[in-house]
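For reference, the structure discussed in these notes is given below.
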Amino acid sequence: MNERPNSLHASDIAHSMHPYTNMRAHETTGPMIMTHGDGVRVFDSEGKEYIEALAGLWSVAVGFSETRLADAAYAQMKKLPYYHSFAHKAHEPSIRLAEKLVELTPEGMNRVFFTNSGSEANDTVVKMVWFMMNGLGKPQKKKFLSRNKAYHGITIASGSLTGLPANHTDFDLPAIPVVHLTCPHHWKWGEAGESEADFTARLLREMEDTILAEDPDTIAAFIGEPVMGAGGVMTPPEGYWQGVEALCRKYDILMVSDEVINGFGRTGARWGCERYGFTPDILVTSKQLTSSYLPLAAIVVNDRVYDAVADHTAKLGTFGHGFTASGHPVACAVGLENIAIIEEQDLMGNAARLEDAFQNGLRQFADHPLVGEIRGVGLIAGIELAADKDARRAFEPAGSMAKKVAEFAAEEGLIIRAVYETVAFCPPLIVTEDDIAEILARTGRALDRALDWARAEGLK
Ligand code: PLP
């Protein structure tokens, strides 16, 4: 494929360093170049059509051709293309979007801080919480609790909160005080014969033992994705979030709900914390906030957090943190228009209405010889591949079967994402029942082709 001199393909190989990519392998395989989108579909430079069943990176709620977002960006660019929000400056799009997010988030969350990415948002959460604790005269209360397999981003602090080896190895992370608890995924981490309720009870005991061993006065916050996304789409066991919330309240630990993927209806409820019935002190949202047409993330905090932070800024004279593009007017204008579309077209309701068709549809593959477990809620799901379903044993090398299924799916015109042993699904919220039928048909063909391949290779 390198024999295309002067092509985009050759230029990419010559000049680009891709995230989450084996760069040496890329020099021979080259890029898949996307050229345009249409609804839930995208098209590559060869003219091939794909259903984008991961919504890009779990993020494009309104699909890939929403001209209203382009118009909103253009209108804002013409009016006020850039302004910042440092030192009392403000502009209408960020004011209106903050107001909207306060309206949409749980009762009592009244203040919004904007960043450009989920990673920056979680780094900001860490710094905000540390700043708050120093302001409250609790300088020793700084540790975070997270979970193995969590994904909270890749910057120094957010990457430390993330619980995935690839994000730590040789990046010298974790670099902040964080304790990773057991991943709350019953199928994988439950012991033989352990019921879901017993698994939950064991995880909560582990959490409490950890808090006591570390000393509650040193633990500032617990951070979690209501449904874990990039670690492999893991839905929590029954009663887990209520138990975590109770322990956080008991030991005065802040709760951070990382809703970067979960937010805006993805789980079938407006927020993941609402689906699972807990109330965080801090909620982080991004991705579907603008459908990722422009980079934007928001941290929404309750009055307790705001008051502590605000008091400390009054004492020190400032909050010495912020980005040139915090609350960028064009990104905020696009976010507002995106939320308007989500509301007008009731896309959060669409996710709830299509949950059964999507989730039950995928579960038709439960008995497929390659499939270990199928899980998900709303419009997010994962199919975990297993060499031995009963022993919950994965194929070797790790992640190879999920990659193979995703490769066959792409050939069938379906983009899904291989994350460890799982292929992940997270289609745009505008998806229809017909689209879902097509996603299921292409998934079935990809699984069957992967099975034929596995048999031909003699894999077990
Ligand atoms: N938090 C969660 C739950 C995520 O899924 C992600 C990205 O996938 C992030 C944070 C990091 O966001 P970003 O890639 O915008 O830095």
Side-chain angles (χ1 to χ4, degrees), residues 18-21 52 54-61 113-128 144 146-164 166-168 171 173-174 176 178 180 183-185 221-236 241 255-267 271-273 275-276 280 282-300 323 325-326 328 331 334-335 338 376-382 416-420 422 424-426:
H18 285 258
Y20 280 97
T21 299
E52 228 311 352
L54 203 86
L57 284 177
W58 330 76
S59 52
V60 180
F113 190 94
F114 290 111
T115 68
N116 307 293
S117 69
S119 296
E120 282 178 10
N122 285 327
D123 263 52
T124 298
V125 165
V126 170
K127 289 182 68 184
M128 201 183 270
F144 274 68
S146 180
R147 287 92 53 80
N148 289 325
K149 298 265 183 187
Y151 192 79
H152 298 297
I154 42 66
T155 45
I156 302 285
S158 70
S160 299
L161 299 174
T162 289
L164 294 164
N167 301 110
H168 290 170
F171 288 112
L173 297 181
I176 67 162
V178 52
H180 291 95
C183 173
H185 175 204
F222 177 101
I223 185 164
E225 306 146 86
V227 173
M228 299 173 83
V233 187
M234 275 122 5
T235 49
W241 278 111
M255 253 186 124
V256 185
S257 191
D258 183 343
E259 305 250 0
V260 166
I261 288 178
N262 283 227
F264 291 99
R266 176 56 63 192
T267 67
W271 303 104
C273 61
R275 169 112 198 183
Y276 292 103
I282 299 174
L283 182 151
V284 179
T285 175
S286 185
K287 296 192 187 270
Q288 295 203 119
L289 171 60
T290 56
S291 282
S292 289
Y293 279 37
L294 283 176
L296 186 66
I299 301 154
V300 192
F323 303 92
S326 290
H328 193 287
V334 167
N338 177 63
V377 289
L379 288 178
I380 182 168
I416 49 181
R417 177 142 176 237
V419 275
Y420 305 91
T422 297
F425 297 75
C426 188

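Computed from a predicted model, the values in this text were never measured in an experiment. Just so you know, ligand 1 is whichever comes first in the structure, and atom 1 is the first atom listed for that ligand. When a residue number appears, it is its place in the shown sequence, counting from 1.
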Pick one: which of M228, K149, M234 meets side chain to side chain contact (heavy atoms under 4.5 Å, CB included) with P184? M228
Which of the atoms in ligand 1, numbered in the order shown and given with their element, are less than 4.0 Å from a heavy-atom of S119? 11 (C), 12 (O), 13 (P), 16 (O)
Sub-4.0 Å atoms of ligand 1 with respect to non-hydrogen atoms of G118: 11 (C), 12 (O), 13 (P), 15 (O), 16 (O)
Tell me if a side-chain donor or acceptor on N262 pairs with a main-chain N or O of T267 at a distance below 3.5 Å. no
Contact between ligand 1 and L57 is defined here as a heavy atom of the residue under 4.0 Å from a ligand atom; is it met? no
Whether E225 side chain and A150 backbone form a donor-acceptor pair below 3.5 Å: no
Side chain, backbone, both or neither: which part of S117 has a heavy atom under 4.0 Å from ligand 1? both
Would you mind listing which atoms of ligand 1 come within a distance below 4.0 Å of any non-hydrogen atom of I261? 5 (O)
Give the C-alpha distance, both sets of side-chain angles, the deciding distance and a yes or no for side chain to side chain contact (heavy atoms under 4.5 Å, CB included) between E52 and L54. CA-CA 6 Å; E52 228 311 352; L54 203 86; 3.8 Å; yes
N122 and ligand 1 - part of the residue with a heavy-atom distance under 4.0 Å: side chain
Could you find the nearest protein heavy atom to atom 2 (C) of ligand 1 and give me its residue, atom name and distance? Y151 O, 3.3 Å
Scan side-chain atoms only and decide if Y151 and N122 contain a donor-acceptor pair under the 3.5 Å cut-off. no
So between D258, T155, V227, whose heavy atom ends up nearest atom 1 (N) of ligand 1? D258
Between K287 and ligand 1, which part of the residue brings a heavy atom under 4.0 Å of the ligand: side chain, backbone, both or neither? side chain
Answer yes or no: does an N/O atom from E225 fall short of 3.5 Å to an N/O atom of ligand 1? no
Looking only at distances, please establish whether an N/O atom of ligand 1 is found under 3.5 Å from an N/O atom of W58. no
Hey, does the side chain of N148 reach the backbone of C183 with a donor-acceptor pair shorter than 3.5 angstrom? no
Distance in Å, F264 CZ paired with T290 OG1, rounded so as to fall on 0.5 Å steps: 9.5 Å
So, T155 and D123: side-chain donor and acceptor under 3.5 Å apart, yes or no? yes
